[in-house]
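Below is the structure I would like to discuss, written out as structure tokens.
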Amino acid sequence: MTPSPPQPRDGTRGDLFDPQCPTRRLLDRIGTKWMSMAVKVLAEASPEEVRFAELQRRMPGVSQKMLSVTLQGMTRDGLVGRRVEPTVPPRVYYRLTPLGLSLEGPLAMVRAWAEEHMAEVDRANARGRELADDD
């Protein structure tokens with residue numbers, strides 16, 4: 001089986017199994033816990049905007065730097081809209097774009113699956129550690 005050529009950027013569908021396809025990079029980005037949390041918080045607020053500080057407050061454990069990097073990537077990918085009020089200090093607001101809102105359903109299913117099956121995964125990991133200790 002020969003690999004397919006890289007996908008053009010003209011709106012055609014990507015191919016996850018093509019090592020050159022940008023779909024892989026996109027999945028790396030949308031598969032992070034911070035992306036999933038940010039999409040959830042912004043989707044719950046939609047169509048309203050959420051300030052940066054409020055996002056950080058509603059995402060326990062996220063650092064200011066990590067949230068900033070996550071939101072920059074989401075903005076670059078067209079998932080989030082950003083608005084800055086020219087105050088001192090500036091007030092920065094975020095909202096999901098229609099593309100970002102379309103991601104909430106699939107991510108909600110993944111979050112629900114993870115929450116439902118986490119105990120099973122933990123047990124499997126514990127068994128794996130026990131087997132490794134026996135070697």
Side-chain angles (χ1 to χ4, degrees):
M1 187 170 169
T2 60
S4 57
Q7 295 294 315
R9 296 181 183 241
D10 62 1
T12 59
R13 186 180 181 101
D15 178 3
L16 173 64
F17 293 97
D18 176 356
Q20 302 301 312
C21 183
T23 301
R24 290 179 176 207
R25 291 189 309 275
L26 180 58
L27 284 172
D28 284 343
R29 290 193 304 275
I30 66 174
T32 69
K33 64 184 172 193
W34 303 126
M35 168 83 76
S36 185
M37 283 186 203
V39 168
K40 180 176 174 55
V41 170
L42 291 169
E44 287 173 348
S46 185
E48 301 299 317
E49 298 174 312
V50 180
R51 287 186 62 189
F52 183 93
E54 178 65 12
L55 270 169
Q56 188 175 16
R57 186 185 69 73
R58 294 185 57 195
M59 294 172 58
V62 70
S63 69
Q64 183 173 346
K65 168 81 172 158
M66 193 69 240
L67 181 55
S68 179
V69 167
T70 299
L71 291 168
Q72 286 171 7
M74 292 174 74
T75 301
R76 186 178 51 250
D77 290 339
L79 303 173
V80 167
R82 180 178 184 266
R83 182 175 65 86
V84 180
E85 284 185 0
T87 58
V88 178
R91 290 184 181 171
V92 184
Y93 297 86
Y94 296 90
R95 62 169 176 71
L96 287 178
T97 63
L99 182 61
L101 276 170
S102 74
L103 186 56
E104 170 53 13
L107 286 180
M109 287 190 289
V110 171
R111 287 190 304 263
W113 183 92
E115 290 170 352
E116 183 177 331
H117 295 285
M118 194 63 247
E120 293 171 71
V121 171
D122 280 345
R123 286 192 296 274
N125 275 294
R127 284 191 302 275
R129 283 191 300 275
E130 291 169 5
L131 291 174
D133 290 342
D134 291 341
D135 288 343

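From a predicted model like this one, the values you see are computed outputs, not experimental measurements. Basis for what follows: all heavy atoms, side chains included, without hydrogens, waters or symmetry-related copies.
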Subject >> Test salt bridge (charged side-chain N to carboxylate O under 4.0 Å, His left out) applied to Arg51 and Glu49, step by step >> reply: CA-CA 7 Å; Arg51 287 186 62 189; Glu49 298 174 312; over 6 Å; no
Original post:
Considering all heavy atoms of both residues, which atom of Gly14 and which atom of Cys21 are nearest to each other, and what is their separation?
Top reply: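 It is CA-SG, 3.7 Å.
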**OP:** Would you please test Lys40 and Glu44 for salt bridge (charged side-chain N to carboxylate O under 4.0 Å, His left out) and show each step?
**Re:** CA-CA 6 Å; Lys40 180 176 174 55; Glu44 287 173 348; 3.0 Å; yes
**OP:** Establish whether Tyr93 and Val69 are linked, either directly or via other cluster members, by ILVMFWY side-chain heavy-atom contacts under 4.5 Å.
**Re:**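 No, because Tyr93 and Val69 fall into different hydrophobic clusters, even though each may have its own neighbours under 4.5 Å.
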Original post:
Could you give the distance from NE2 (His117) to CZ (Arg123), rounded to the nearest 0.5 Å?
Top reply: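 With rounding to 0.5 Å, NE2 (His117) is 11.0 Å from CZ (Arg123).
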Subject >> Thr75 and Arg82 side chains, donor-acceptor separation under 3.5 Å >> reply: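 The criterion, which ignores hydrogens and geometry beyond distance, is not satisfied for Thr75 and Arg82.
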Subject >> salt bridge (charged side-chain N to carboxylate O under 4.0 Å, His left out) between Arg57 and Glu54, intermediate numbers included >> reply: CA-CA 5 Å; Arg57 186 185 69 73; Glu54 178 65 12; 2.6 Å; yes
Original post:
Applying the 4.5 Å side-chain criterion to the ILVMFWY set and letting contacts propagate, would Met74 and Val110 be lumped into a single cluster?
Top reply: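 Each belongs to a different hydrophobic cluster.
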Original post:
Got Asp77 and Ile30 here, is their nearest side-chain heavy-atom distance under 4.5 Å?
Top reply: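 Asp77 does not reach Ile30 side chain to side chain.
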Original post:
Minimum heavy-atom separation for Val50 to Ala45, with atom names?
Top reply: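 Smallest interatomic distance, heavy atoms only, reads CG2-CB, 3.4 Å.
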Subject >> Any Val80 side-chain heavy atom under 4.5 Å of Leu96 side chain >> reply: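 Heavy-atom side-chain distance check passes, below 4.5 Å.
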Original post:
So which heavy atom on Thr32 is nearest to which on Asp28, and how close?
Top reply: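 Answer, listing the atom of Thr32 first, then Asp28: CG2-O, 3.4 Å.
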**OP:** May I ask you to test the Gln72-Thr70 pair for a side-chain heavy-atom distance under 4.5 Å?
**Re:**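 The answer is no; the side chains never approach within 4.5 Å.
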Original post:
Closest heavy-atom contact between Arg24 and Leu16?
Top reply: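 Looking at all heavy atoms of both residues, the shortest contact is NE-O, 2.9 Å.
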**OP:** Could you grab the distance from atom CG of Leu67 to atom CE of Met59, nearest 0.5 Å is fine?
**Re:**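 Answer for the CG-CE pair, Leu67 versus Met59, is 5.0 Å.
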Original post:
Cluster question for you: counting only ILVMFWY and a side-chain heavy-atom cut-off of under 4.5 Å, with indirect links fine, are Met35 and Phe52 together?
Top reply: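 Yes.
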Subject >> More than 12 heavy atoms of other groups within 6.0 Å of Gln64 CD >> reply: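 No.
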Subject >> Ser68 side chain vs Lys65 backbone, donor-acceptor pair below 3.5 Å >> reply: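 Pair absent, no side-chain N/O of Ser68 close to backbone of Lys65.
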Original post:
What heavy-atom pair brings Pro90 and Val84 nearest, and what distance separates the two atoms?
Top reply: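 Minimum heavy-atom contact is CB-CG1, 3.9 Å.
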Subject >> Nearest-0.5 Å distance that lies between atom CZ in Arg95 and atom OG1 in Thr97 >> reply: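 Answer rounded to 0.5 Å: 7.0 Å.
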**OP:** For Ser63 and Gln56, work out which heavy atoms get closest and say how close.
**Re:**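 Shortest heavy-atom separation between Ser63 and Gln56 comes out as C-NE2, 3.7 Å.
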Original post:
Hey, what do you get for CZ (Arg111) to CD (Glu116), rounding to the nearest 0.5 Å?
Top reply: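 Going from the CZ atom of Arg111 to the CD atom of Glu116 covers 14.5 Å.
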Original post:
Short question: side chain of Ser46, backbone of Leu42 - any donor-acceptor pair under 3.5 Å?
Top reply: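 Not a single qualifying donor-acceptor pair exists.
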Original post:
Would Leu71 and Leu101 show up in the same hydrophobic cluster when neighbours are defined by side-chain heavy atoms closer than 4.5 Å?
Top reply: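 Shared cluster, yes.
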